[in-house]
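Step one of this worksheet: look at the structure below.
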Amino acid sequence: GEMSREYKAKISFAIIWLVVYLIGLLISNILSDLVEIPNLCTTIYRILFVLILFIYMQKKKVLSYYGICSLKMLNSKALLYYIPLGLLVIVPLVFGVEISLSWGQILLLSISALCIGFIEEILMRGFLFKALLERDKVLAIVISSFSFGLIHIVNLFGGADILYTLAQIIFTCAFGFACAMFLYKTNNIIPCILCHGLLDLCALFSTEDTNEMFMIFGLLAIISLAYGIYLLRMNKKKVKQIA
């Protein structure tokens, strides 16, 4: 019926945005290679995509619907003062900091990482999760978490190691679960955006050692899963700041 047509339209809308973003990413990667300045076109593309997303949501007056709201509304004590999200950000640095990039590259990749946080959270948790949520809560959490993890299969085409990619998929599914639970309980996506962006940023300076990377992915998965389960069990009413 009408409900199902509207529901399908919202799912299609989320998928189209995702596909357009990924195609654009592919093209901007090729252009970055052509201009022979690594990551330049990709970073510019991501900045433009953030602006397009933001302007679109502002025009449609759906910023708060997708969770771009003030943190003052939230009871930070009930949310453990966002400490688990903070821990996730610093985990990539537990084995020390390795800087093998030029300052120009560090700047480009840092801007890119922060843009990734915004884009991926809005597309996966905002558009996709919110659309699925209209039909079924469990389905929304499972599909949005797994699809976020499975997107990282594309790394295999870039020549990434299979076991490494598998570990990354397991972590990103767990991280997707924590973020989906956070948005579901609080209707606020900002901590997820910040955590996601800063996590990608800190990962730039992470160890190159494969065994250490497996341990980092393991730690990230455990913290994400634990926080997701904590949020799952938490009463929704406790999340809002007591006026």
Side-chain angles (χ1 to χ4, degrees), residues 67 71 74-98 109-110 113-126 128-129 137-138 140-153 155 160-161 163-236 238-239:
L71 293 179
L74 301 180
N75 177 357
S76 55
K77 185 183 174 186
L79 296 163
L80 306 179
Y81 301 104
Y82 313 108
I83 290 168
L85 297 177
L87 284 175
L88 286 174
V89 170
I90 56 172
V91 164
L93 308 175
V94 292
F95 293 107
V97 175
E98 286 186 22
L109 287 167
S110 299
L114 297 171
C115 289
I116 290 168
F118 183 86
I119 296 164
E120 292 189 358
E121 287 306 311
I122 293 297
L123 296 185
M124 300 299 300
R125 245 70 63 187
L128 184 64
F129 177 69
K137 177 184 84 172
V138 178
I141 292 162
V142 171
I143 291 177
S144 71
S145 305
F146 274 102
S147 53
F148 178 59
L150 290 172
I151 278 177
H152 294 81
I153 282 179
N155 295 347
D161 176 74
L163 276 178
Y164 178 90
T165 307
L166 193 63
Q168 195 181 21
I169 288 168
I170 291 166
F171 148 61
T172 43
C173 283
F175 181 72
F177 168 63
C179 288
M181 284 315 311
F182 193 96
L183 180 62
Y184 175 69
K185 293 285 180 172
T186 66
N187 199 37
N188 199 311
I189 204 168
I190 289 172
C192 302
I193 288 171
L194 291 173
C195 176
H196 192 151
L198 291 169
L199 180 57
D200 279 4
L201 177 59
C202 289
L204 297 174
F205 311 113
S206 190
T207 176
E208 299 285 319
D209 183 285
T210 310
N211 288 334
E212 289 176 354
M213 273 315 297
F214 280 124
M215 287 165 80
I216 285 170
F217 282 142
L219 272 171
L220 289 168
I222 290 163
I223 296 166
S224 299
L225 206 55
Y227 194 43
I229 291 166
Y230 167 79
L231 292 167
L232 176 70
R233 299 182 63 173
M234 189 172 65
N235 185 333
K236 227 174 173 177
K238 278 187 187 166
V239 177

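Because the structure is predicted, anything quoted here is derived from the model rather than measured. In this chain, residues are counted from 1 in sequence order.
Nearest heavy-atom pair, L93 versus C202, reported as atom, atom and distance to 0.1 Å: CD2-O, 3.4 Å. Closest non-hydrogen pair, C192 versus E121, comes out as CB-OE1, 3.5 Å. Annotation for L199 and L88: closest pair CD1-O, 3.0 Å, computed over non-hydrogen atoms. Of all non-hydrogen atoms in I190 and L71, the two that sit nearest each other are CB-CD2, 4.3 Å. Heavy-atom minimum distance, F214 versus L163: CE2-O, 3.4 Å. Between A180 and R125, the shortest heavy-atom contact is N-CD, 3.8 Å.
To the nearest 0.5 Å, atom CG of residue L220 and atom CD of residue Q168 are 10.5 Å apart. Of the inter-residue distances, the one linking L87 atom CG with C195 atom SG reads 9.5 Å to the nearest 0.5 angstrom. One distance of note links CG of N155 with CG of L166; it measures 12.0 Å at 0.5 Å rounding. M181 CE to S144 OG: the interatomic distance, rounded to the nearest 0.5 Å, is 10.0 Å. A distance of 13.0 Å separates CD in E212 from CZ in F217, rounded to the nearest 0.5 Å. Distance check: S224 OG to L85 CG gives 8.5 Å after rounding to the nearest 0.5 Å.
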Stepwise, does the side-chain contact (heavy atoms from CB on, under 4.5 Å) test hold for F205 with E98?
CA-CA 5 Å; F205 311 113; E98 286 186 22; over 6 Å; no
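No side-chain heavy atom of L183 sits less than 4.5 Å from a side-chain heavy atom of N188. The side-chain heavy atoms of L201 and L204, taken from C-beta on, include a pair separated by under 4.5 Å. At a threshold of 4.5 Å between non-hydrogen side-chain atoms, the residues L198 and L114 count as touching. When side chains are defined from C-beta on, I153 counts as touching L150, because their heavy atoms get closer than 4.5 Å. Put simply, the side chain of I122 reaches to within 4.5 Å of the side chain of F118, judged on heavy atoms. The shortest distance between side-chain heavy atoms of F95 and I216 falls below 4.5 Å. Put simply, the side chain of F129 does not reach to within 4.5 Å of the side chain of M124, judged on heavy atoms. Side chains of F177 and I141 form a contact here, defined as non-hydrogen atoms less than 4.5 Å apart.
In this structure, S76 contributes its side chain and Y81 its backbone to no donor-acceptor pair below 3.5 Å. Between the N75 side chain and the K238 main chain, a donor and an acceptor come within less than 3.5 Å of each other. A donor-acceptor pair under 3.5 Å is formed between the side chain of K185 and the backbone N or O of M234.
Applying the 6.0 Å contact sphere to CZ of F146 captures no more than 12 heavy atoms from other residues, nucleotides or ligands.
Between H196 and F148, the distance from one ring center to the other falls under 6.0 angstrom.
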Extract all donor-acceptor atom pairs below 3.5 Å that involve side chains of residues 225-233 and protein atoms in other chains or at least two apart in sequence.
residue	atom	partner	partner atom	Å
Y227	OH	L79	O	2.8
Y230	OH	A78	O	2.5

